[in-house]
Structure formats: structure tokens, C-alpha cells
Amino acid sequence: MKMFVVFAVCMSVVVLASAQAADQKVKNCNEVRTAYSSKGFNVNDVPNKGVHGNHLKVCPQGFSCCTLEMEEKLSQQSRTDLKAPVHQLSSNMQNTFTQRHRHFDQFFRELLSNAEKSLNDMFVRTYGLMYVKNAELFEHFFRELRRYYSHGSSAVNLDDMLTDFWTELLERMFRLVNVQYEFSDSYMECVSRHMEQLKPFGDVPRKLRLQLTRSFIAVRTFTHGLALTPEVVGKVSTVSASPSCVRAAMKMLYCPYCTGQVALKPCKNYCLNVMRGCLANQADLDTEWNNFLDAMLGLAERLEGPFNFESVMDPIDVKISDAIMNMQENSIQVSQKVFQGCGQPKPNMAFRTRRSPKDSGFPGRFRPYSPDARPTTAAGTSLDRLLTDVKKKLKHAKKFWSTLPDTVCVGERISVGDECWNGTAKSRYESVVIGNGLANQVSNPDVEVDITKPDMVIRRQIAVLKEMTSRLKAAYTGTDISFVNEDAGSGEESGSGCDSPPCDSDGDIYFSTPAPAKPRIIKIQPDKKPSSGTRLAPFSLTLAVTALLLALLTPHTR
């Protein structure tokens, strides 16, 4: 019994000594003065010793080292301190995707420029003056591709543009291989109407149309998605904290100052509840944010595979040249079909006075550059390398908003264990950690949140993400949905993209056309006298393969 009494007396002495030590800290506010001035405030605001805290609106109203003026200033500081980690994390996210967007945009634009330069160099070497005289047709082709990439289907309908390109090329070449005839505009319109049946360029136009539309839709939509990511992050992260959130942050971060415990950090679960209350609206963005990122990852896979922009654009010069040679090699059959369908044209009386085909200087040999001779793009990088990098960033960004409170409440910002600030004292935090999102805040013990008034800025960004996700999913199937800010008042599709059957059924079209292992020879046949049954004029066999130069040397009028 005596031992128990001695133990009880000893414990009382220890508790009393601890209380006196804590009370001494409150009475002596030197530590508070130092910490308060380190925040940039006037040290003279801090009383020399503790005062009664009945005047305080947020912190405990015992003996305190805080005046009402100090509490108000620290409340403003708590607003800044609350936003600082969110701003830092958001800025990192913004910078990451701003940089990726810049890299992708630069890469695609350079790839277009290099494809045009490669075609120009190859065609000058292969066709010489014939190409130079008609170079504006190909310049217009690449200019329209750039316009689509920059402005979308409101500026350029890819299907119509490609149809016009092949139609114009057919008309010019048809005049070339039939230079011995005169053709009126109405006659050439008849030729154009029969292009689908004639297939003068073989299957190249169909394959190239599918490859170009799908890859352009994919890269353009993907680039827009990369640009949208930092925009959404920026708008969401700048949402102002509510007065109740600022009050909760003040209580969590600076009320320990008022009790003289400047080094005391909040309990982790206490921090989580405060941050989940303050970031409740942001957490509601998470579902649509993750859907958007999944759609971006899906389209990235398409860009790695069937919609690979690089594999389409790099050999485009070879593909177009193949189409031209198809027309040259089949010019006799094509011309016969046209004459049967559109009628026999009138002979060109001026034809006999023109220069001999032997003087044309036509090389007659196709000499494409090897892949090693092609220019590099975007500082020597490749699409695969860019996609590998951005896919890692997209995956890392998932669940960014729902995990933001957990990301903030770590390290030096909190205290692990029971020796922490629970909102009223240095003790264990007993409340249950609530869930994320606005609906869960009705039971938040530390932040008053009006769940009936969602933040409209964030709701708008949810709608923006949902709209962008729809476009990404459409691009995944090769379909272009017009962007509202580019095509005001129109929600129609551009007409480019998948036909029936679905995209995946045309597996063969996704293989890029490699440069031929051996140069293709344009055969020049010796002059022959026409047989009595032929419908072609003399020299037509030779002209069918060499007139490409002759007509280009003559100004072309429609």
C-alpha cells in the first residue's frame, strides 16, 4: 500500500512538472516570436508572454501567444501554405505535358517539311523539268496537309482534298500521254467522272487516303490532348480555397504556434481530412481525368501501330511516284477506256510542229533515295521514342487528383504517431479518415463543405475532359470529330476516317511502301507503225511513256 502511494505521488509530480513546463512555454513566447518573424511578420505583434485567448476565433481559447491580429495574419499565411504544395505538384504536371506537347508538335511539323523536301528532291532527279513545271500541284498538296494539321476539318476536308489532288494529277497526266489530241474542259470533266472506274493510279490513292486520314486524325487529336492536359491542370489548381477551408488550414498549421508549440506538426489522418475537405471538388475530376488519360494511352498505341504517322509520311514520295508510274505503264489501256466512254477526241493540229521526244531529255529511270539519305526530324528523335516517353508520363498522371491529399500529407508536413497536433492539443487524432470527393464531405469533422454547391470551374473542366475523351475515342477508330472552337455551330464529322468494314479489317494498308530494292525502269518502246486495227495515232506507244515531259513543257490551261 505504501509503495502504491509513493508511485501515485511520483506520477503527480511528473504530470504537474509537465504542465508547468507547457504553461511556462505559453507564458514565455520567445519561440513563437522567432517563428512568427521568420514568416515575414512584425515580431512586435507577438506578446512577450501568454495572454488569455478569449479573443481568438479559430485557435483554443486558453492562455495563448497569439493576439487576434496575429491569428488573422496567420490565417492569410495558411491560405498560401495550403496552396503551395498543390501549386508545386500542379506546376510539375503542367511543365511535363507542355514540354511533351512542344516536342510532338515540332516533330510532326518537321516530318511534314522533310517529306515535302524528300519528294521534291526525288522528283527533280527523276522527272526533271516535267516535275518542276507542275511542282505547284505537290506544293498545294503539302500546304493543305499542314492546314489540316493546324486548323482541322473546318479548314480542310481531307477526303475532298485528296480526291482533288488525284483528279488534277490524272487530268495533267492524261493530257501528257495523249498530247496528240486536243481536250476540252467538258471532255476532261468526263475523264474525271470515270476516275473511280479507270483506277489509273492503281490502288495507291485508296491506300494512301486511308493511311493519311487515319494518321493525321490521330496525330492531330493526340497533340490536342497533350495541349489540353496542362490547361486543365492550370485551371483546376487555381481554384480558390473556401473560407471554411482556410479556417481549417489555420487551425491545423498555426494554432500550435498559439500554444507555444511551434515545432508541432499535424497528425497524418488529421491532415488527410483537412486536405480532402479542401480538395473535394478537385477529387471529383478524377474519374473523367482517368478516362481521358486512358483514351490518350489508347491512341498512343494506335500511333505506334496502324496509324503510325512517321511510317506514312516518310515514304510518301515513293508512293506517289508509284502511282505516277502505274498511270504511265497503263496509259494505253486507260486512254482506250476513256475514248470508249467519253468519245474520240479531236487531233491536235499543232502537235506535228513540236519537238521530237528524243530531244526531251527524259531520264526514263526511277531513282529513289535510300532511307539513309532522308533528313532527320525533331533533333534526331523518332515517333517511337516520343511515344515511349509520353506513355510513362500519362500513366504516372493517373489518379493525380484523388491522391493529391495523400501526396501533400507526407514528410515534414506531418508528424507520424501519437505525438502530433490533433486540432486542439498534442495527442492522438481519433476521427475516422473520410473518403475523397464532394459527396463524402458531409461527415468531414474538420472542414465544413457545402456539398450542394460544386465548384463550377471544375465542373466545366470535367465537361471539357469528357468532350476530349470522345474525340480521342473517335480518333482511335479513324474518325475526325470537329473541334467546337474550330468549327463553330457544326458538330458534324469531317468525312475522313474509317469506312465500312471497320478499320481493323484493312490490315494490309498499314504497311508502309518501302523503296524498291531495284530501280523501276520506265520502258520506252521503239517506234512502230500502227496496225490497221489500232485506234491510236502514230507514235502513241512512245508518247504514252514519254509525253509526261512534253505536255509539262506546254502551259496547261483548263
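Bear in mind that the values here come from a model prediction, so they are computed numbers and not experimental data.
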ask   = If we only count heavy atoms from C-beta on, is the Leu212 to Leu158 side-chain gap below 4.5 Å?
value = no
inquiry  = Cation-pi check for Tyr149 against Arg109: NZ or CZ below 6.0 Å from the six-membered ring centre and within 45 degrees of the axis, yes or no?
reply    = no
task = Report yes or no: is the SG-SG distance between Cys65 and Cys258 under 2.5 Å?
result = no
Okay, side chain of [X], backbone of [Y]: is any donor-acceptor separation there less than 3.5 Å?
X: Asn273; Y: Ile434; value: yes
X: Asn269; Y: Val433; value: no
X: Arg302; Y: Phe307; value: no
X: Trp289; Y: Ala397; value: yes
X: Gln261; Y: Tyr257; value: no

remark   = Taken to the nearest 0.5 Å, the spacing of Lys473 NZ from Thr221 OG1 works out to 14.5 Å
With a sphere of 6.0 Å drawn around [atom1] of [X], does it hold more than 12 non-hydrogen atoms of other residues, nucleotides or ligands?
X: Lys73; atom1: NZ; value: yes
X: His87; atom1: NE2; value: no
X: Glu304; atom1: CD; value: yes

Can you tell me which residue among [options] is in a side-chain contact (heavy atoms from CB on, under 4.5 Å) with [X]?
X: Leu208; options: Ile320, Leu162, Thr213; answer: Ile320
X: Tyr429; options: Leu272, Asp446, Asp418; answer: Asp446
X: Lys399; options: Leu404, Asn436, Thr287, Asn290; answer: Asn290

message = Over 60° means perpendicular and under 30° means parallel, so tell me whether Phe309 and Phe216 are parallel, tilted or perpendicular.
response = perpendicular
List the atom of [X], the atom of [Y], and the distance in Å for their closest heavy-atom pair.
X: Met296; Y: Phe222; answer: O-CE1, 3.4 Å
X: Asp286; Y: Ser402; answer: OD2-OG, 2.7 Å
X: Cys59; Y: Met250; answer: SG-CE, 3.7 Å
X: Glu288; Y: Lys466; answer: OE1-CE, 3.4 Å
X: Ala241; Y: Leu82; answer: CB-CD2, 4.2 Å

inquiry  = Check this for me, if you would: do Arg276 and Asp406 make a salt bridge, where the nitrogen-to-carboxylate-oxygen distance has to be below 4.0 angstrom?
reply    = yes
inquiry  = side-chain contact (heavy atoms from CB on, under 4.5 Å) for Arg214 and Ile217? Distances and angles first, verdict last.
reply    = CA-CA 5 Å; Arg214 293 172 182 179; Ile217 289 167; 5.9 Å; no
Full working for side-chain contact (heavy atoms from CB on, under 4.5 Å) between Glu139 and Glu116 = CA-CA 8 Å; Glu139 291 170 0; Glu116 181 176 15; 4.1 Å; yes
inquiry  = Would you say Ser118 and Asp317 are linked by a side-chain donor-acceptor pair, where the criterion is simply a distance under 3.5 Å?
reply    = yes
